[in-house]
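Written below as structure tokens is the structure these notes are about.
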There are 2 protein chains.
Amino acid sequence: MTHHESVLAELKAAGVRLTPQRLLVLQTIAEAPGHASVEDIHRRAKQAYPYLDVATVYRTVQLLKRLNVVTEIDIGHRLHYEMAAEGARHHHMVCDECGGTYDLAPRQLESLRQRLEHEFGFRANLDHFTVTGVCAACVARAG
Amino acid sequence: MTHHESVLAELKAAGVRLTPQRLLVLQTIAEAPGHASVEDIHRRAKQAYPYLDVATVYRTVQLLKRLNVVTEIDIGHRLHYEMAAEGARHHHMVCDECGGTYDLAPRQLESLRQRLEHEFGFRANLDHFTVTGVCAACVARAG
DNA sequence: CTAGGTGCAAAGGGTTTGCTACAAC
DNA sequence: GTTGTAGCAAACCCTTTGCACCTAG
């Protein structure tokens, strides 16, 4: 069973109707390079089905988020979405200069997570973790 | 020279007009417990001067942010503001359950910052750093 | 006096919602 | 056939902006 098939199975199990619109949104998110904003998803998906409404995209990403099929990432001031892909969960570094985003493996954050738990009893949820700063390329270019 | 006085001196040095509205907004932020949203600031400040407009609050916090008098914190989906207070810079943990916010000292994040710099050459800007999760109290209460 | 700020109201961008026709099951 | 969903448009929230009047320096 491919990942795509298992996602569809999950959705059916949750009693969710598999409408063409939902499949399209799902496929669009899956095919997007990295994470995509609602606007990105809408724009790309409309190429396949021009009647698709933004409201449907909003409702669908919320549904998929609730079912843990996609994860929500807070970048700048818009929410972005990407496939949850449990096996490859990662976090992001966003460059303030060039806007580029870079992946960060969960193990990079493990020590921080443990520290917060031990010192404060705070169970950090780093699923949507994003750090901003200046990437190596921009540091090299501008200082 | 108190902190308040030095802030006023900074503003004058920057050629900023010290209007009653600006002083009121500044004072309101300074007196707020922790960080405050624009709405919080506006609501509180209006008690002293009912004609104060939200637009003025927005313009003022942006001005103060530009002058590094206040810092902007991205909590949930609204921006919050607090006095910059250089000597006591800190970060936040926000509880998803109860909405409570807790301070985090810069040293707690230092190892993370160094790791990102060494491994990726990424200069993380942790000034506005916020982690979400579940606080100790809520963990105890609900599991 | 004069540059610049204030209040007001209106516009703006992103997101949500009420409704009716329609499609998945 | 039922029940939930899509599309549409309007509402919504937070934030920004244009403008005439006013005020700090």
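Small disclaimer: the values here were computed from a predicted structure and weren't measured. We name chains A, B, ... by the order of the sequence lines, and we start the count at 1 in each one.
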Report each atom pair, protein N/O against N/O of nucleotides 1-4 of chain D, whose distance is under 3.5 angstrom.
| unit_1 | atom_1 | unit_2 | atom_2 | d |
| --- | --- | --- | --- | --- |
| D:dT3 | O2 | A:R17 | NH1 | 3.3 |
| D:dT3 | O2 | A:R17 | NH2 | 2.1 |
| D:dG4 | O4' | A:R17 | NH2 | 3.1 |
| D:dG4 | N3 | A:R17 | NH1 | 3.2 |

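OP1 or OP2 of D:dG7 has not a single side-chain nitrogen or oxygen of A:Y58 nearer than 4.0 Å. A:Q21 has a side-chain polar atom (N or O) that falls below the 4.0 Å cut-off from OP1 or OP2 of D:dG7.
Checking A:D40 against A:S37 by side-chain atom types alone, a donor-acceptor pair falls below 3.5 Å.
Counting to the nearest Å, the C1' atom of D:dT15 and the CD atom of B:E39 are 13 Å from each other. Computed from coordinates, the B:Q62 CD to D:dC14 P distance equals 16 Å when rounded to whole Å. As rounded to whole Å, 6 Å separates atom P of D:dT15 from atom CG of B:L79. Counting to the nearest Å, the C1' atom of D:dC21 and the CG atom of B:D53 are 14 Å from each other.
Read 5' to 3', the first and last nucleotides of DNA chain C with an atom closer than 4.0 Å to a heavy atom of chain A are C:dG14 to C:dC25.
Closest contact between the side chain of A:R59 and the listed nucleotides D:dA24, D:dT15, D:dC8 involves D:dC8. Nearest to the side chain of A:T19, among D:dG7, D:dA6, D:dT16, sits D:dA6.
Heavy atoms of A:Y51 sit under 4.0 angstrom from primed sugar atoms or phosphate atoms, though from no base atom.
Remark: the backbone N or O of A:L126 is paired with a side-chain donor or acceptor of A:H91 at under 3.5 angstrom. The closest donor-acceptor contact from the side chain of B:T56 to the backbone of B:L52 lies at 3.5 Å or more, if one exists at all. Between the B:R44 side chain and the B:A32 main chain, no donor and acceptor come within less than 3.5 Å of each other. Distance alone, capped at 3.5 Å, is enough to place a donor-acceptor pair between the B:R22 side chain and the B:R17 backbone.
Residue B:V16 is the one, among B:P50 and B:V16, whose nearest nucleotide of DNA chain C lies closer to the 5' end (criterion: closest heavy atom).
Annotation: the terminal axes of the helix from C:dC1-D:dG25 to C:dC25-D:dG1 meet at 40°, where each axis is the rotation carrying the C1' atoms of four end pairs onto the next four (5 pairs per end, rounded to 10°).
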